[in-house]
Amino acid sequence: MAISDSLQVTKTRIAAACVAAGRAPDAVRLLVVSKTFPAAAVREAFEAGARAFGENYVQEGLAKIEALGELRRELDWHLIGPLQSNKTRPVAEQFDWVHSVDRLKVAQRLSEQRPPQLPPLNICLQINISGETSKSGLLPAEVATLAHQVAALPRLALRGLMAVPEPGPGALAQHQAMAALFAALQAEGLALDTLSLGMSADLEDAIRAGSTMVRVGSAIFGAR
Ligand SMILES: *Cc1c(COP(=O)(O)O)cnc(C)c1O
């Protein structure tokens with residue numbers, strides 16, 4: 001299937017899931033995950049209307065940002081993969097969003113290194129909602145403390161939470177636990193608007209639970 005067609009199919013899936021959940025059809029933003037696919041594929045998705053792209057690996061993302069430099073003002077680039085504290089500078093300088101912050105040190109460096117002429121860097125805190133030891137992210141009990149610390153950093157805009165729930169019969173409960181965590185932080189007075197939850201295989205569960213941004217790769221570009 002052409003990228004423009006699979007993008008349309010994905011948008012239709014998202015809208016249908018919103019309707020099924022009793023939510024407005026435009027309540028959920030689409031982040032197109034372009035990791036492992038070339039800049040030409042990103043350009044094709046851009047021409048079909050996509051405006052936000054997610055990358056997992058810093059070097060690969062930077063190469064695509066550079067290759068598509070003439071589109072820079074029209075696109076938002078999101079880092080959704082793990083970020084080590086010694087790699088923060090180019091991310092602070094080049095990306096618009098980071099979804100994978102799970103340590104204060106990384107957040108502090110991103111804030112210090114964000115160039116003053118750019119708007120604040122948008123941040124989601126990554127939660128290890130399945131509790132698997134192999135997964136990155138904060139444990140739910142650790143989130144509130146870090147959220148208040150990150151919200152106080154001058155060059156960052158804390159937007160919300162991100163997670164990759166473990167597929168299987170317990171998946172919907174994990175999506176719902178993320179939505180509860182998100183609501184609890186809002187109730188503490190944090191002005192959060194982004195629950196980054198749901199991928200190609202589970203975006204319906206995520207939208208049912210309350211996701212506001214789904215991150216979709218293989219359903220648009222094909223298998224990696
Ligand atoms: C790869 C990836 C995605 C997209 O996954 P698909 O199954 O291809 O839709 C979303 N989020 C993260 C963090 C990823 O690493």
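First listed ligand is number 1; within each ligand, the first listed atom is number 1. This structure is a prediction, so every number in the text was calculated from the model and none was measured. Below, all heavy atoms of this structure are taken into account, side chains as well, without hydrogens, waters or symmetry copies.
Residues Pro140 and Ile129 form a side-chain contact, since some pair of their non-hydrogen atoms from C-beta on lies under 4.5 Å apart.
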Are His99 and Leu31 close enough, and set up right, to give a side-chain contact (heavy atoms from CB on, under 4.5 Å), and what steps lead you there?
CA-CA 11 Å; His99 291 228; Leu31 178 64; 3.9 Å; yes
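At most 12 non-hydrogen atoms from other residues, nucleotides or ligands lie less than 6.0 angstrom from CZ of Arg208.
Between the side chains of Arg29 and Thr194, at least one donor-acceptor pair of N or O atoms lies under 3.5 Å. Inspection of the Glu44 and Ser4 side chains reveals no N or O donor paired with an N or O acceptor under 3.5 Å.
In this structure, Trp77 and Phe53 have tilted ring planes: the angle between them lies in the 30° to 60° band.
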Per-pair distances, ligand 1 N/O vs protein N/O, less than 3.5 Å:
{"residue": "ligand 1", "atom": "8 (O)", "partner": "Ser218", "partner atom": "N", "Å": "2.8"}
{"residue": "ligand 1", "atom": "8 (O)", "partner": "Ser218", "partner atom": "OG", "Å": "3.0"}
{"residue": "ligand 1", "atom": "8 (O)", "partner": "Arg224", "partner atom": "NH1", "Å": "2.7"}
{"residue": "ligand 1", "atom": "8 (O)", "partner": "Arg224", "partner atom": "NH2", "Å": "3.1"}
{"residue": "ligand 1", "atom": "9 (O)", "partner": "Ser200", "partner atom": "N", "Å": "3.0"}
{"residue": "ligand 1", "atom": "9 (O)", "partner": "Ser200", "partner atom": "OG", "Å": "2.5"}
{"residue": "ligand 1", "atom": "9 (O)", "partner": "Gly217", "partner atom": "N", "Å": "2.8"}
{"residue": "ligand 1", "atom": "11 (N)", "partner": "Arg215", "partner atom": "NE", "Å": "2.9"}
{"residue": "ligand 1", "atom": "11 (N)", "partner": "Arg215", "partner atom": "NH2", "Å": "3.4"}
{"residue": "ligand 1", "atom": "15 (O)", "partner": "Lys35", "partner atom": "NZ", "Å": "2.8"}
{"residue": "ligand 1", "atom": "15 (O)", "partner": "Asn56", "partner atom": "OD1", "Å": "3.4"}
{"residue": "ligand 1", "atom": "15 (O)", "partner": "Asn56", "partner atom": "ND2", "Å": "2.8"}

